[in-house]
Amino acid sequence: MTFVSLPFFLFVFGLVVVYFLTPQKYQWLVLLVASYAFYWLNSKWLVLVLWGSTMVTFLTGFLLQKVYDKNQQAMQALGDQLTKDIKKQMKAQVKRAGKRIMLVGVLLVTAALLMLKYFNFFGENLNQLFQSLHWGATIPRLNLLLPLGISYYTLQAIAYMVDVYREKTCADRNPLRFMLFLSFFPQIVQGPIARHSQLAKQLYAGHRFDFRQCCFGAQLVLWGLFKKLVIAERLAIPVNYMFQHYNSFSGPILFLTVALYGLQVYTDFSGGMEIARGVAQMLGIELELNFKQPYFSTSIEDFWRRWHITMGSWMKDYIFYPLSLSKAFTKLSRRSRKILGQYVGKRLPAFLAMFIVYFLVGFWHGANWKYVVYGLWNGTFIMSGILLEGVYAKAREKCGIQEEMVTWRMFRMIRTFVIVSFGRFFSGALNLSTALTMFQRTFYHWKDISFLTNGKLFDLGHNNANWILLVVAIVVLFYVDYVHEMGVHLREVLARQPLVFRWVIYIGAILVVMIFGHYGPAYDAASFIYEQF
Amino acid sequence: MKEQVLNILEEIRPDVDFENEKLLIDDGVLDSFDIISIVQEFNDNFSIEIDVEDLEPDNFNTVEAMVKLIQKLQE
């Protein structure tokens, strides 16, 4: 049962009815049953892996809270004898104990992810190493099934344990409630990766039926379906064809391939996200925004602030900052300042942390070197942008370019789009060597623009009508993104329109999705690109 | 101290009006690289150790909040 299937919408409709008919005190139980039922329907016994990780995370949080509470009681018991120094000492002691508990929990849930997602990858690479060293040992390949959403809920679980350790959230004391926090069905498939302090209270609280919220949620679902079914699924046909037959295409078509692939990934992932957020909103729950018009980014750094936002913010809070401010990195900074000078020395630890972050971002996407290169491609551009900031500023000044100029902003947007698109070769191609070949071929035959006139463009699985439809749908997509970029809340604007006009729009949108949604023979309702990560 | 903090901030980001900006983190005026540079400078100049747990928006949204954080860590 996927987000774009009829059973899913019947499931959501039934859930909304039951949820709001249930006394508010017990509504969270309805969500828990629905979430585990959804997981069971999709993954059967793999639900036990989710449950196992949930219990490890719950117990870690529970133990941490117990240690903190005990320390608090001990400090209170000291009364007037509690001096600043004793307080500091006690806090340091409890933090050390807490760190050990937190690390055990984090290692256990990470081990489950590494084992199920990366075992064969490590095995294959180690086997190659053994072979080159003429060692007889081989690591067998295991037929492991990947539990639905493991890459997402594992990050959410780690964030929870670290947040309890950092005392940014209080640990859950009810294991059933906590099971809901890690399994909430709209976000289990592909995020957004939530924080306990933001989501848990909303999930556990009762909600009254709010017609306006329900309507807004349904509109978001509809917009998500438009993105996924009308654009992403329709783009999948030429994109798959071009990725499979890259050897027969010239540079411009290969660039078009990655550009369209980027658009497919965007509409597929953000479409799924819109459906998730819309369903949650119908239940009175607000999930975090995961996309903020990424095609309007003016730099790669800006792009990653707008693309998969919850993942970026997770990486920042749980990898980048702890690494950059760690004792080892601080020492490195001091030493490198002496050797490399103030400017580079000061930035080196942050660059190193950034390098690790983008390595992990790539690796998180999948057990394949192409993803690692994809991550590092982005990281390298961000780092070079920061490092050469002064040079760029001087060049701008010399050329008389002002930051606020519209043409300059447009140039930056196009430049970002080109860099991001080239990076997509690594995530979209079959493997790293294919990606590199495609990358290389992109620079061939740029003078040959016959593809525009010889009809080859229309020989990619779509007829003229489908291409025209795609272009129109993409124009609509960019118009909506532009309006959002300008700070206009479209759904609120629509809500202020006369009733008849509103319903004409609603029915029109439903018909567009039903008529123009791509349900052809190559259509596989089960797949969202980011679901497999 | 406020003067010294302002000097450090202006050296790192000369384009920002630190006196008047009240949501330096929430509005995305400072990015993660700026934060790391600021923390390094504060640690060196005020002999403190800003921990990752102190990296809350509330501690870095305004100059006053940063001064308060430094004072708290110096105690």
Side-chain angles (χ1 to χ4, degrees), chain A residues 84-85 87-88 91-92 95 98-99 162-168 197 292 299 301-302 304-306 309 312-313 315-327 329-334 336-337 342-343 345-354 357 382-383 385-387 389-390 393 403, chain B residues 1 4-18 20-62 65-75:
Chain A
K84 255 184 192 171
D85 284 343
K87 196 176 168 183
K88 220 174 174 179
K91 215 171 172 192
K95 275 284 169 191
K99 199 172 198 172
V162 177
D163 282 355
V164 175
Y165 164 72
R166 289 177 181 170
E167 297 176 78
K168 286 190 173 173
S197 52
K292 208 175 161 194
S299 66
E301 205 182 353
D302 188 25
W304 282 96
R305 274 197 293 265
R306 294 161 175 263
I309 297 167
S313 112
M315 285 288 168
K316 189 177 75 184
D317 289 347
Y318 304 104
I319 306 285
F320 180 74
Y321 282 148
L323 273 181
S324 302
L325 298 181
S326 66
K327 281 186 180 139
F329 275 56
T330 311
K331 261 187 201 170
L332 175 76
S333 169
R334 285 193 184 126
S336 54
R337 265 186 258 182
Q342 286 290 321
Y343 186 77
K346 268 184 192 175
R347 283 160 182 81
L348 193 68
F351 281 161
L352 199 56
M354 181 66 82
V357 162
I382 293 177
M383 286 189 275
I386 295 166
L387 208 58
E389 209 177 327
E403 284 283 346
Chain B
M1 181 188 281
Q4 202 179 343
V5 168
L6 267 173
N7 286 339
I8 291 170
L9 294 173
E10 274 159 11
E11 202 174 306
I12 293 169
R13 283 292 301 273
D15 56 318
V16 176
D17 179 7
F18 285 100
N20 294 315
E21 285 282 359
K22 296 296 167 206
L23 291 166
L24 289 164
I25 305 296
D26 292 337
D27 280 354
V29 179
L30 296 178
D31 63 23
S32 44
F33 265 84
D34 296 328
I35 297 293
I36 296 299
S37 306
I38 291 168
V39 168
Q40 278 180 347
E41 290 298 330
F42 285 177
N43 285 350
D44 289 349
N45 283 279
F46 300 105
S47 305
I48 52 170
E49 219 174 284
I50 297 176
D51 197 68
V52 68
E53 289 170 42
D54 300 314
L55 299 185
E56 287 279 343
D58 287 348
N59 287 337
F60 288 88
N61 263 333
T62 61
M66 292 185 220
V67 171
K68 216 170 147 187
L69 174 70
I70 295 165
Q71 284 169 340
K72 193 183 107 188
L73 292 170
Q74 278 179 331
E75 277 174 12

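Since we're looking at a predicted model, the values are computed, not measured.
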>> Show the nearest heavy-atom pair for residues B:Val39 and A:Leu325, with the distance to one decimal.
In response: CG1-CD2, 3.5 Å

> Does CD belonging to B:Glu11 count more than 12 external heavy atoms closer than 6.0 Å?
Replying inline: no

>> Quick check on A:Glu167 against chain B: is it the side chain, the backbone, both or neither that has a heavy atom closer than 4.5 Å?
In response: neither

> Name the one of A:Arg166, A:Lys95, A:Lys168 that satisfies side-chain hydrogen bond (donor to acceptor under 3.5 Å, both in side chains) with B:Glu53?
Replying inline: A:Lys95

>> Please classify the contact between A:Ser333 and chain B as side chain, backbone, both or neither, with a heavy-atom cut-off of under 4.5 Å.
In response: side chain

>> Nearest 0.5 Å, please: how far is CD1 in A:Ile382 from CG in B:Asp31?
In response: 10.0 Å

>> Using every non-hydrogen atom in the two residues, find where B:Ile36 and A:Ser324 come nearest and quote the distance to one decimal.
In response: CD1-CB, 3.4 Å

> Would you say B:Ile35 and A:Tyr321 make side-chain contact, with heavy atoms under 4.5 Å?
Replying inline: yes

>> Can you tell me if B:Glu49 has over 12 outside heavy atoms packed within less than 6.0 Å of its CD?
In response: no

> Would you say B:Asn43 and A:Thr330 make side-chain contact, with heavy atoms under 4.5 Å?
Replying inline: no

> In terms of heavy-atom proximity below 4.5 Å to chain A, should B:Ser32 be classed as side chain, backbone, both, or neither?
Replying inline: both

>> Can you tell me if B:Lys22 has over 12 outside heavy atoms packed within less than 6.0 Å of its NZ?
In response: yes

